[in-house]
Amino acid sequence: MTTFEDRRKQFEAKFSNDQEMTFKVEARRNKIVGAWAAEKLGKTGDDAEAYSSSVIRADLTEPGDEDVFQKLRGDLPEADVSDTEIRAEMDKAFAQALDELGAG
């Protein structure tokens with residue numbers, strides 16, 4: 001192999017690893033923010049776990065974070081939780097996920 005081909009393969013491997021880590025961090029963030037929302041909704045035990053899983057699945061709807069925000073916004077009463085609070089919890093959960101997975 002040439003040096004150029006070696007470098008190309010290294011870049012491809014790094015890109016693949018970065019994409020995998022991004023996916024893991026976002027899934028973990030969604031689980032964390034899903035648990036927060038479940039608590040706000042009064043869910044416990046298996047119901048809370050199921051709700052967190054539904055938040056993780058919601059992130060697969062479209063690229064970006066807006067699908068998760070829209071799920072949370074639709075489920076949480078506007079009188080109790082503002083858009084700003086939801087976005088702040090998503091940011092906080094992302095930072096926690098980074099720490100937990102050692103990606104930060």
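Heavy atoms only: backbone and side chains are in, while hydrogens, waters and symmetry mates are out.
Under a 4.5 Å side-chain heavy-atom cut-off, the cluster of Ile, Leu, Val, Met, Phe, Trp and Tyr residues that includes Phe11 has no other member. Through direct or relayed side-chain contacts under 4.5 Å between Ile, Leu, Val, Met, Phe, Trp and Tyr, Val68 connects to Val33, Trp36, Leu41, Tyr51, Val55, Phe69, Leu72, Leu76, Val81, Ile86, Met90.
Taking Lys43 as the reference, nothing meets the salt bridge (charged side-chain N to carboxylate O under 4.0 Å, His left out) condition, with sequence neighbours excluded. Qualifying side chain to side chain contact (heavy atoms under 4.5 Å, CB included) partners for Pro63, counting only residues two or more places apart in sequence or in other chains: none. With sequence neighbours left out, Gln70 forms a side chain to side chain contact (heavy atoms under 4.5 Å, CB included) with Glu66. For Glu62, there are no salt bridge (charged side-chain N to carboxylate O under 4.0 Å, His left out) partners, not counting sequence neighbours. For Glu12, the salt bridge (charged side-chain N to carboxylate O under 4.0 Å, His left out) criterion is met by Arg8, not counting sequence neighbours. Among residues two or more places apart in sequence or in another chain, the salt bridge (charged side-chain N to carboxylate O under 4.0 Å, His left out) test is passed with Glu85 by Lys40. Here Asp67 pairs with nothing under the side-chain hydrogen bond (donor to acceptor under 3.5 Å, both in side chains) rule; sequence neighbours left out. Residues meeting the side chain to side chain contact (heavy atoms under 4.5 Å, CB included) test with Asp91, sequence neighbours left out: none.
Cluster annotation: Leu98 is connected to Leu101 through the hydrophobic network of ILVMFWY side chains, with a link wherever side-chain heavy atoms come within less than 4.5 Å. Val25 and Leu60 fall into different hydrophobic clusters, defined by Ile, Leu, Val, Met, Phe, Trp and Tyr side-chain heavy atoms under 4.5 Å apart, directly or through other members.
Taking every heavy atom of both residues into account, Gly34 and Ser52 meet most closely at C-OG, 3.3 Å.
Note that CZ of Arg7 is 9.0 Å distant from OG1 of Thr3, once rounded to the nearest 0.5 Å.
The stretch residues 21-30 participates, sequence neighbours left out, in these salt bridge (Lys or Arg N to Asp or Glu O under 4.0 Å) pairs: Glu20-Lys24, Arg28-Glu100, Arg29-Asp59, Arg29-Asp65. Within the structure, every pair that satisfies the salt bridge (Lys or Arg N to Asp or Glu O under 4.0 Å) test and touches residues 44-58, not counting sequence neighbours, is listed here: Lys31-Glu49.
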